[in-house]
Each structure stands twice: as C-alpha cells, then as structure tokens.
Q: 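Here's a structure for you.
Throughout, numbering of the chain's residues begins at 1 and tracks the sequence. For ligands, and for the atoms within them, numbers begin at 1 and follow the listed sequence.
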Amino acid sequence: MEVDREFLISVARQALEMAIAPLSGYLVGAALLTAEGKIYSGCNIENTSLSMSICAERVALLKALSEGEREFKAIAIVSSGLSHCSPCGACRQMLYEFAPHIEVIMTDPKGRVISTKIEELLPFPFER
Ligand code: THU
C-alpha cells in the first residue's frame with residue numbers, strides 16, 4: 001500500500017486546529033498511518049505544569065496503541081512554525097520503539113515536504 005503523503009499531511013493540518021498550546025503558542029498536528037490504512041491524529045497539549053505537556057506525535061501514537069494498533073507505516077507532522085517540525089528526542093525514541101521503520105513526513109508552511117525514516121532521525125537508539 002502506497003502512502004498518500006498529501007492526504008496524511010491534510011489530516012495532520014486538521015489535527016493542528018485542536019492544539020492546546022497557550023504557553024508556547026506553537027501549534028503542532030500529527031497524523032499516524034497504520035499498516036492497515038487507518039489514521040490516528042494528535043495535537044500538542046500543554047499544561048501549566050510544563051513537564052506534563054505532550055507532543056502531537058506521542059498523542060497520535062498513544063491513541064493508536066491504546067486502540068490496539070501495533071503496525072505503523074508513516075507519520076505526518078505539521079506545525080505553526082516557520083520551518084519543518086522535526087520530532088523531539090522523546091518522540092523519536094517512542095516512535096522507534098513502536099515503529100522502527102516508520103516514514104516521518106514533515107512539511108513547512110510553504111508546503112515543502114521532507115520525508116525520512118525514523119532510523120535516520122534516531123541513529124544508535126537506546127535498546128535493552
Ligand atoms: N512539540 C510537538 O508537539 N512536537 C514536536 O515534535 C516538537 C514540539 C510541541 C511541544 C510544545 O507543546 C510545543 O511544541 C513547543 O515546544
């Protein structure tokens with residue numbers, strides 16, 4: 001099954017509209033595609049207790065995992081920032097653990113798309 005990148009990005013853009021980011025003002029949306037073609041979306045959710053804030057990618061991943069999904073193909077990430085939103089270290093680690101070959105698709109406000117693999121973003125990962 002081919003990944004429809006543009007469609008996945010459009011779902012991430014819709015998810016961004018739900019972002020709760022009063023502290024940073026930086027809105028993020030993510031759309032996670034399962035091996036069977038289902039899409040789970042997520043947005044960043046901030047909390048006044050800053051360390052409890054969570055990124056859009058992990059919201060999407062946790063939603064999918066909690067619904068029993070275990071096989072993932074791709075994740076699209078969009079933000080309100082001026083350039084591509086590359087996943088933070090914590091998200092890379094979690095994506096790697098649950099989807100070690102996932103395609104990571106990022107786009108900037110001009111619609112320029114970068115597509116890479118989680119292995120490229122997290123070389124020499126922690127593994128037990
Ligand atoms: N954020 C994400 O949602 N995903 C990332 O990959 C990087 C950062 C969020 C966390 C916080 O709510 C805001 O962006 C600013 O750091």
Q: Which heavy atom of the protein is the closest neighbour of atom 10 (C) of ligand 1, given with residue, atom name and distance?
A: Cys55 SG, 4.0 Å

Q: Please tell me if atom 16 (O) of ligand 1 is touched by the protein, where touching means a protein heavy-atom distance below 4.0 Å.
A: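 No, there is none.
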
Q: Between Ser115 and Glu103, do the side chains contain an N or O donor and an N or O acceptor separated by less than 3.5 Å?
A: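 Note: Ser115 and Glu103 side chains meet the donor-acceptor criterion.
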
Q: Going by heavy atoms in the side chains, are Leu33 and Phe72 under 4.5 Å from each other?
A: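 Leu33 vs Phe72: side chains apart.
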
Q: Using a 4.0 Å cut-off to any heavy atom of Glu46, which atoms of ligand 1 qualify?
A: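 Counting atoms of ligand 1 from 1, those under 4.0 Å from Glu46 are 11 (C), 12 (O), 13 (C).
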
Q: Counting only heavy atoms not in Glu97, do more than 12 fall under 6.0 Å of its CD?
A: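 Counting neighbours around CD of Glu97, more than 12 heavy atoms of other residues, nucleotides or ligands fall under 6.0 Å, so yes.
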
Q: Has ligand 1 got any nitrogen or oxygen that is less than 3.5 angstrom from a nitrogen or oxygen of Ser24?
A: no

Q: Quick check on contacts: which atoms of ligand 1 are under 4.0 angstrom from a heavy atom of Cys85?
A: 5 (C), 6 (O)

Q: Indicate yes or no: at least one non-hydrogen side-chain atom of Ile77 is less than 4.5 angstrom from one of Glu57.
A: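 Answer yes - side chains close enough.
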
Q: Answer whether the closest heavy-atom distance between the side chains of Ile102 and Tyr96 falls below 4.5 Å.
A: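 They are not in contact (no side-chain heavy atoms under 4.5 Å apart), so the answer is no.
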
Q: For Ser86, counting its heavy atoms only, list the atoms of ligand 1 lying under 4.0 Å from any of them.
A: 6 (O)

Q: Taking everything shown except Phe7 itself, do over 12 heavy atoms lie less than 6.0 Å from its CZ?
A: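 For Phe7, atom CZ is not crowded (no more than 12 foreign heavy atoms under 6.0 Å).
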
Q: Hey, which atoms in ligand 1 end up nearer than 4.0 Å to a heavy atom of Glu57?
A: 2 (C), 3 (O), 4 (N), 5 (C), 6 (O)

Q: Do any N/O atoms on Cys91 end up under 3.5 angstrom from N/O atoms on ligand 1?
A: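 N/O-N/O distance below 3.5 Å does not exist for this pair.
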
